[in-house]
Amino acid sequence: MNLTQPVLSARDLRRAYLVAGAPVEAVRGLSLDVHPGEWVAVVGPSGCGKSTLLNLLGAIDRPTSGQLLIRGRDVAVMDDAEATRFRLTGIGFVFQRFYLMPTLSAAENVELPMAEAKRPRAEREARAKELLTYVGLGARTDHRPFQLSGGEQQRVAVARALANRPALLLADEPTGELDARTGEEMIALFDRLNRDGTTIVTVTHDEELAQAARRVIHMRDGVIVDDQVRRPLESVARPA
Amino acid sequence: MRAWIRRWCALTGAVILTAPVLHVQGQGLRTIAIDERLGMAAGLAVGDSVRFAAMASAPSGQWVRIGAITRRSADPSEIARSEYRVRLHLDQLQSLTGVGDRIGRFAVRTQENAGAPGSASGTVAGPDSVSAAINAMAFGFRAYPAAEVAIETSATFRVVNRFHRAIGIITIVASAIFLLCITLLKVDERRREVGALRLLGLSRATVVRSVMLEASLIALLGSALGAGFGAAASAIVNWYYQGVYATPLRFALVTPEIVAIAVTLSLLLGIVSGYLAAQRLVRTAPLELVGR
Ligand SMILES: Nc1ncnc2c1ncn2[C@@H]1O[C@H](COP(=O)(O)OP(=O)(O)OP(=O)(O)O)[C@@H](O)[C@H]1O
Ligand SMILES: [Mg+2]
């Protein structure tokens, strides 16, 4: 189908939690490939293992068994320091609850991952400004999170996720804390990001967000039950 | 204008005097020196004339003029004494008491650096050798070097000092434990923030370093505030008690050494507690920190 190398390749991925001494499998033998430029929405009932999967894909959590390659690197065998470094430079995260540092300005929040990656100050500042302008907050760079609305905070979080030019943008319920209108703005932003070439995997309950994605994966009880490509990568053109 | 007071006065020679005080014109009178405390209590100033007698019951006395007011030295053993001091010329003292040839105590001041090589006389005459010479002179004499007297009179203060040191150590230990707990709690309030930072890819070392840096800065700021507060408090204490006891003695001291110790201790405490608190957090999985 797709001739490019996948950004992400999971084979027979499993993750079991010990609940009251007994293992409970949240992800049960899941296989998945994601190619550059794709936008995948993972949907399914609550508790089916969506967040667990996303945490595995983002090297936040480690699989109990199975193989997970991201950009050709085996995430499953990384130790904590390697996984941390990999998250910093290889993956961008957007969380439901934003997780911005309350004492830092919008620009400083965006600069944070770049500072950790030891990027020079001038480059950090320029990129933060550029990214905040991209998400529509060019005039709010000095504002602190409490001075921003939920939607604006989430856009800062998106800018932060892109700071180190990750190969993959992961988002767990990015519209979960937003009202319908700001949710739509967020979907439009993801759409624009994806059109500009960002590979995205979102986990969501939000029907509209799922509709906007190119590919929708349905999960149930820790496995994929349906995988549909709605808009193939070729059909990028769309009325503005 | 007459003002009478009756006070027990003590002279260096342990002569007990009563001083019925009278302000009169007193030119050509002999002079005495009184201490500041007596001056304040009796409202006496330099130039005032007073009548002076050895006993309170004495019918008459000698008129003298106050020629000087002396200030007590900064000696802690002085401040607790409620007695007043009067200094007069030796011959007048003898005639006033009527016991001209009896002396209870006297002080000998040795020359500074006496006995040091190259001193004028070339003789060895330090305080120790002088007191030894006096003791050898006659039976019943007992001479002490001033340093020995000082050690003896300051014995109480050394006990008090040790007591203060013990209180200080207990305070430091207790507040260290308290501060450690506060830091742990305060840092624990940052669970989610730290968890989020770790999820974003900030290393354990970065988190620990920034927590320690913040704790150290707070410690520095706190110790600066504390030193300022201590200096202000001791200024007030000194001002008040120097007034009460009419002494130049400084009751509370904030020396550069004390400030240095305080800053070092709190900095150390900040670094250690910051480190422990941060370690506790970074050992926890980031997902657990942010909560599900
Ligand atoms: N840390 C954990 N310890 C024990 N069980 C867990 C843990 N995390 C998840 N689970 C369990 O794993 C299963 C999948 O959880 P997960 O959070 O991945 O679901 P989800 O699809 O994201 O649900 P939701 O849509 O409600 O966010 C659930 O049964 C959950 O209770
Ligand atoms: Mg979830």
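Because the structure is predicted, anything quoted here is derived from the model rather than measured.
Environment of OH in A:Y134: crowded, with over 12 heavy atoms of neighbouring residues, nucleotides or ligands closer than 6.0 Å. The environment of CZ in A:R73 is sparse: at most 12 heavy-atom neighbours from other residues, nucleotides or ligands sit within 6.0 Å. Within 6.0 Å of atom CD in A:E82, more than 12 heavy atoms from other residues, nucleotides or ligands are found, so the atom counts as buried in its surroundings. Other residues, nucleotides and ligands contribute only 12 or fewer heavy atoms inside 6.0 Å of the CZ atom of B:R250.
Heavy atoms closer than 4.5 Å to chain B are found nowhere in A:F86, neither backbone nor side chain. Contacts of B:R204 with chain A are made by side-chain atoms alone, with heavy-atom separations under 4.5 Å and no backbone atom involved. For A:N164, no part lies under 4.5 angstrom from a heavy atom of chain B.
Of the listed residues (A:A115, A:P102, A:A163, A:G58), the one with the most heavy-atom contacts under 4.5 Å to chain B is A:P102. When each of A:D61, A:D80, A:I60 is checked for heavy-atom pairs under 4.5 Å with chain B, A:D80 comes out on top.
When atom types are taken as modelled, the side chain of B:Q242 and the backbone of B:W239 share no donor-acceptor pair closer than 3.5 angstrom.
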